[in-house]
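Below: one structure, written as C-alpha cells.
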Amino acid sequence: KIIKRISDNLVLFAEKELNLSVDGARGNDWWAPDIKSSEHILENVNDLPEGFIPGKWFYKDDLWSRTPDEEIKRLQDIKEIKIKSLSLAHDNEIYADIVYNNTTYKADQHSQDLLVKVLAVGAVPPNMYWRDKNGNQKTMTLSDLRGLAGKILERALSADANLIAKIAAV
C-alpha cells in the first residue's frame with residue numbers, strides 16, 4: 001500500500017499495513033496526524049520500484065517515476081560510473097605493451113618511468129639494451145630509446161584525445 005498526495009502523485013508512505021483517515025496516516029509503528037485524507041489517497045500497489053525512497057517517487061496510472069532531483073542524482077551517478085570506466089580503459093590502453101621496431105615492449109608505469117630516467121641522462125653506453133615483454137635483452141641506441149618513448153607518447157596523446165571526446169559525450 002502507498003499513501004500519495006493527490007495534487008502531484010508524490011508517494012509519501014509505503015508499507016503493507018497503512019491506514020488513511022480524518023485522523024491522519026497510520027503505519028505499523030507511527031502516526032502522522034498532519035496527513036489530511038482530503039489531500040492524500042491510499043492505494044494498493046503490487047510492488048515498489050527498485051531503489052524506492054518515500055518522497056522521491058511519483059505513482060500514477062500504475063507507473064512509477066522518480067522526482068526530478070532523484071532522477072538528476074541517478075543520472076549523475078551513472079555519468080560518474082561511466083567516466084570512471086572510460087578512465088580505466090584509458091589507463092589500460094596507455095600502459096599496455098607496445099610494438100616498436102617489430103618487438104613488443106612493456107609500457108607499464110614502471111617501464112615508462114625507467115625509460116624517462118634513462119633518456120634524461122642524454123646518452124647511453126654502446127652496450128645499452130632494453131628488455132622486451134618477455135625479458136629478453138634487445139640492443140638499443142639512444143635514438144632507439146627515443147623512438148620507443150615517442151611511440152608511447154604518440155599512443156598516450158591519441159588515448160587522451162579519445163578519452164576527452166568520450167567524456168564530453170557522456
Side-chain angles (χ1 to χ4, degrees), residues 1-100 104-117 120 133-134 148-170:
K1 292 181 179 181
I2 62 169
I3 295 177
K4 66 178 188 175
R5 264 193 319 236
I6 295 170
S7 62
D8 62 3
N9 298 299
L10 182 68
V11 179
L12 302 175
F13 303 100
E15 289 185 17
K16 287 185 178 186
E17 297 300 323
L18 284 176
N19 291 303
L20 181 64
S21 70
V22 292
D23 295 329
R26 290 185 186 272
N28 286 333
D29 300 326
W30 57 269
W31 172 48
D34 55 329
I35 301 298
K36 298 177 183 171
S37 59
S38 60
E39 298 173 4
H40 300 82
I41 189 168
L42 177 67
E43 288 189 26
N44 291 314
V45 296
N46 292 326
D47 293 307
L48 297 175
E50 185 176 330
F52 175 80
I53 299 171
K56 300 289 184 178
W57 287 81
F58 297 108
Y59 184 76
K60 182 179 179 183
D61 301 328
D62 295 325
L63 297 174
W64 291 95
S65 61
R66 289 180 168 88
T67 59
D69 61 323
E70 190 66 17
E71 185 65 12
I72 288 169
K73 181 185 177 311
R74 186 183 75 84
L75 292 174
Q76 288 171 334
D77 290 347
I78 290 170
K79 182 178 181 175
E80 182 179 318
I81 290 167
K82 182 64 176 176
I83 289 172
K84 284 180 182 178
S85 172
L86 291 170
S87 295
L88 181 60
H90 167 267
D91 290 351
N92 288 338
E93 182 179 356
I94 65 171
Y95 295 123
D97 294 345
I98 194 162
V99 176
Y100 175 71
T104 304
Y105 295 94
K106 288 185 178 181
D108 58 9
Q109 182 71 54
H110 173 74
S111 299
Q112 290 186 33
D113 290 346
L114 182 58
L115 184 57
V116 167
K117 290 175 184 175
K133 78 171 190 168
N134 297 319
L148 176 59
K151 187 85 168 172
I152 292 169
L153 177 61
E154 180 182 301
R155 177 179 68 185
L157 288 173
S158 174
D160 191 59
N162 189 27
L163 176 64
I164 290 169
K166 286 181 177 180
I167 287 175
V170 173

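For the single chain, residues carry numbers from 1 onward in sequence order.
- Ring orientation note: the planes of Tyr105 and Tyr100 are tilted relative to one another, at an angle of 30° to 60°.
- Looking at every heavy atom in both residues, Trp64 comes nearest to Ile2 through CH2-CG2, 4.0 Å.
- In the displayed structure, Lys1 atom NZ is contacted under 6.0 Å by more than 12 heavy atoms of other residues, nucleotides or ligands.
- Taking CD1 from Ile83 and CG from Leu163, the interatomic distance works out to 9.0 Å, rounded to the nearest 0.5 Å.
- Rounding to the nearest 0.5 angstrom, the gap separating the CG atom in Asp91 from the CD atom in Gln109 is 9.0 Å.
- Between the side chain of Asp61 and the main chain of Leu63, no donor-acceptor pair closer than 3.5 Å is present.
- The heavy-atom pair separating Pro68 from Phe58 by the smallest distance is CD-CE1, 4.0 Å.
- We find that Arg74 and Glu70 are not joined by a salt bridge, their nearest charged nitrogen and carboxylate oxygen being 4.0 Å or further apart.
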(Q) Evaluate Asp160 against Ile94 for side chain to side chain contact (heavy atoms under 4.5 Å, CB included), listing each step before the verdict. (A) CA-CA 9 Å; Asp160 191 59; Ile94 65 171; over 6 Å; no
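- Between Ile152 and Ala107, the closest heavy-atom pair is CD1-CB, 4.2 Å.
- Shown here for Val99 and Lys151, the closest heavy-atom pair between the two residues is O-CE, 3.3 Å.
- Glu154 contributes atom CD, which lies 8.0 Å from atom CD1 of Ile98 (distance to the nearest 0.5 angstrom).
- With sequence neighbours excluded, the residues satisfying side-chain contact (heavy atoms from CB on, under 4.5 Å) with Ser37 are Leu20, Val22.
- By the 4.5 Å heavy-atom criterion applied to side chains, Trp57 and Leu48 are not counted as neighbours.
- Judged as a side-chain contact (heavy atoms from CB on, under 4.5 Å), and not counting sequence neighbours, Ser158 has no contacts.
- The CG atom of Asn162 sits 13.0 Å away from atom CZ of Arg155, with the distance rounded to the nearest 0.5 Å.
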**Q.** Criterion side chain to side chain contact (heavy atoms under 4.5 Å, CB included) on His90 and Leu86, from CA distance to verdict
**A.** CA-CA 6 Å; His90 167 267; Leu86 291 170; over 6 Å; no
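- Tyr59 approaches Val11 most closely through the heavy-atom pair CB-CG2, 3.6 Å.
- Rounded to the nearest 0.5 angstrom, Lys4 NZ and Leu42 CG are separated by 11.0 Å.
- One distance of note links CG of Asp108 with NZ of Lys133; it measures 12.5 Å at 0.5 Å rounding.
- Contact detail for Ile6 and Ser38: the closest heavy-atom pair is CD1-O, 3.8 Å.
- Ion pairing of Asp69 with Lys73 is absent here, as no side-chain N (NZ or NE/NH1/NH2) approaches a carboxylate O to less than 4.0 Å.
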